[in-house]
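Counting starts at 1 for both ligands and their atoms, in listed order. For the numbers below, each heavy atom of this structure counts, side chains included, while hydrogens, waters and symmetry mates do not.
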Amino acid sequence: MSLVFQPSANIARMKESATLAVAAKARALKAAGQSIIDLGAGEPDFDTPLFIREAAVKALADGATRYTATEGILPLREAVAADANRYVQGLAPVAANEVVVSNGSKQSLYNACVCCFGPGDEVLVPTPSWTSYYEMLELARATAVPVYGDAANSLKVTADQLAAAATPRTKGLMLNSPSNPTGAVYSREELTAILALAAERNWWVIADEIYMRIAYDGPAASVLSLAPTRENLIVINGVAKAYAMTGWRIGWSIAPVALTKAMTAFQSHTTSNPAAVSQYAALAALSRVEESDAAVEHMVQEFHRRRDAVLRALTPYPTVRYVHPAGAFYLYVNVAGFEGAADAGGAFAARVLERENVAVVPGSAFLTPDWIRMSYATTEAIAVEGVTRIARCLVG
Ligand SMILES: Cc1ncc(COP(=O)(O)O)c(C=O)c1O
């Protein structure tokens with residue numbers, strides 16, 4: 001007997017990440033000895049702060065080697081609640097029984113998509129958005145409905161645009177500010193209008209605040225400080241980006257208790273608890289507030305300096321259009337019309353790699369093929385050299 005793999009109906013529509021092709025090519029060039037400036041990565045280039053790593057070593061020595069409760073250890077859920085309550089305004093404070101700790105915020109996003117949405121449900125996705133939102137919604141057998149933002153508004157969507165895209169089947173929306181891939185940050189007014197619309201329509205709001213602490217033109221607002229209610233609100237966050245802890249895989253959801261119970265049950269059947277030792281590392285990050293605030297501030301200042309340096313490097317190229325990067329660590333550059341290609345971003349990503357040895361992510365990964373994303377989560381010198389080569393390749 002020979003069994004030939006055929007994708008099941010569950011994954012038949014799942015797309016490979018559009019970032020993979022360029023990443024694979026960049027890896028091959030590196031292996032062949034070429035020096036590549038890799039601006040494709042979506043993770044801080046810092047090491048996890050020492051006090052967090054030391055807390056993890058101590059936790060291991062103290063025996064953090066066993067299963068924990070699926071939803072995470074209570075002290076960590078309490079610390080998540082306390083951290084969230086720094087932002088809550090005008091609503092009941094967040095409690096530990098509204099928190100599920102997961103294997104990265106990615107898992108919390110997936111838990112929420114599966115538990116809130118199903119076949120026939122439409123979910124509005126401000127576009128461009130992080131590639132996994134669309135795929136997670138499809139895996140939940142719901143329909144992701146892209147809602148395109150205007151370039152004049154930093155590709156952010158407005159409440160009116162969301163309302164215009166809604167149908168009777170709309171069940172919710174995804175929100176991500178600061179945004180991956182654009183670095184745009186929604187203003188308090190923009191968020192307030194969107195949250196009011198969602199509350200009025202009884203839509204779930206999945207607010208991914210993973211980049212919230214990485215903002216440069218003033219703080220980025222949390223939905224927890226603006227929402228009229230938490231009844232329809234799922235706030236997703238994690239330690240990966242702000243604390244330089246991508247490899248530890250700790251994220252969480254904050255949601256109403258009934259949904260929290262469902263997400264816990266779903267997680268209990270799929271992965272159970274995230275690694276015990278990582279939970280203790282995250283506990284140090286969230287509970288030793290003075291040390292972690294200082295570490296976060298230091299890293300954000302560094303990103304800020306690089307952001308400014310990258311923008312300065314573009315001043316000799318006034319025709320290069322990009323989204324003003326107010327947060328996260330990405331620059332989203334418009335390459336429309338490049339070589340007359342329909343997938344201008346894909347053509348540009350291939351060309352800038354071949355000609356300038358720079359790896360970037362084509363905008364098709366985020367459903368906006370006229371753009372490319374570069375990350376400046378690297379040294380200032382590399383980021384400046386990279387963006388200069390990008391501009392040179394674009395304007396000749
Ligand atoms: C917008 C956004 N949300 C969530 C994640 C996932 O983060 P985590 O490492 O916590 O799973 C990423 C990672 O790139 C991201 O860009």
Side-chain angles (χ1 to χ4, degrees), residues 17-20 23 38-46 48 52 72 76 80 83 99-113 123 125-137 139 144 149 155-157 173-186 205-215 220 222-223 234-254 263 267 270-271 274-275 278-279 281-282 285-286 296 303 323 325-332 360-361 363 365-368 373-378:
S17 164
T19 64
L20 285 185
D38 191 351
L39 306 180
E43 67 178 325
D45 55 320
F46 301 104
T48 301
I52 297 173
L76 177 55
V80 166
D83 180 65
V99 176
V100 183
V101 180
S102 60
N103 294 278
S105 62
K106 204 173 215 178
Q107 186 180 18
S108 283
L109 285 161
Y110 187 58
N111 287 346
C113 288
V123 182
V125 185
T127 298
S129 263
W130 185 46
T131 186
S132 292
Y133 296 159
Y134 309 98
E135 300 298 327
M136 286 180 189
L137 288 166
L139 289 170
L155 299 174
K156 292 181 285 185
V157 300
L173 65 100
M174 312 296 293
L175 260 185
N176 176 220
S177 172
S179 155
N180 177 6
T182 65
V185 176
Y186 281 75
V205 175
I206 301 183
D208 177 353
E209 301 196 332
I210 192 84
Y211 294 102
M212 192 183 66
R213 295 194 65 183
I214 307 174
S222 168
V223 294
I234 305 153
V235 181
I236 307 289
N237 211 328
V239 292
K241 314 287 178 171
Y243 303 93
M245 291 178 70
T246 46
W248 299 82
R249 310 308 303 131
I250 294 290
W252 54 81
S253 54
I254 297 171
M263 291 194 287
Q267 186 166 300
T270 48
T271 61
S278 294
Q279 294 189 57
L286 290 190
V296 172
F303 287 136
V323 174
F329 34 66
Y330 306 110
L331 184 72
Y332 213 47
V360 297
V361 179
F366 316 104
L367 303 197
T368 42
R373 187 193 80 178
M374 66 157 266
S375 159
Y376 49 90
T378 179

Any non-hydrogen atom of E43 lying under 4.0 Å from ligand 1? no

Would you please determine whether Y133 falls within less than 4.0 Å of ligand 1 on a heavy-atom basis? yes

Could you check Y134 against T127 for side-chain hydrogen bond (donor to acceptor under 3.5 Å, both in side chains), going step by step and ending with a plain yes or no? CA-CA 10 Å; Y134 309 98; T127 298; 2.9 Å; yes

In terms of its nearest heavy atom to atom 4 (C) of ligand 1, the top option of G238, S105, G251 is S105

Please check this pair: side chain of [X] against backbone of [Y], looking for a donor-acceptor N/O pair closer than 3.5 Å.
X    : Y    : result
Q279 : P274 : yes
R373 : T182 : no
S177 : Y186 : yes

In sequence, state the C-alpha distance, the side-chain angles, and the governing distance for Y332 and T368, and then conclude on side-chain hydrogen bond (donor to acceptor under 3.5 Å, both in side chains). CA-CA 10 Å; Y332 213 47; T368 42; 2.6 Å; yes

Ignoring angles and geometry beyond distance, decide whether R249 reaches within less than 3.5 Å of ligand 1 through its nitrogen or oxygen atoms. yes

Can you check whether N180 has an N/O within less than 3.5 Å of an N/O in ligand 1? yes

What atoms of ligand 1 come closer than 4.0 angstrom to any heavy atom of [X]?
X    : value
A240 : 9 (O), 10 (O)
D208 : 1 (C), 2 (C), 3 (N), 4 (C)
G104 : 10 (O), 11 (O)
N176 : 1 (C)

Considering the options V157, D208, V125, V223, which one meets the side-chain contact (heavy atoms from CB on, under 4.5 Å) requirement together with L175? V223

Do you know which of S108, S105, S102 makes side-chain contact (heavy atoms from CB on, under 4.5 Å) with S253? S108

Where's the contact between K241 and ligand 1, heavy-atom distance under 4.0 Å: side chain, backbone, both or neither? side chain

Part of I236 with heavy atoms under 4.0 Å of ligand 1, whether side chain, backbone, both or neither: neither

What protein heavy atom is closest to atom 5 (C) of ligand 1, reported as residue, atom name and distance in Å? W130 CH2, 3.5 Å

Measure centre to centre between the rings of Y211 and Y330, then say whether the value is under 6.0 Å. yes

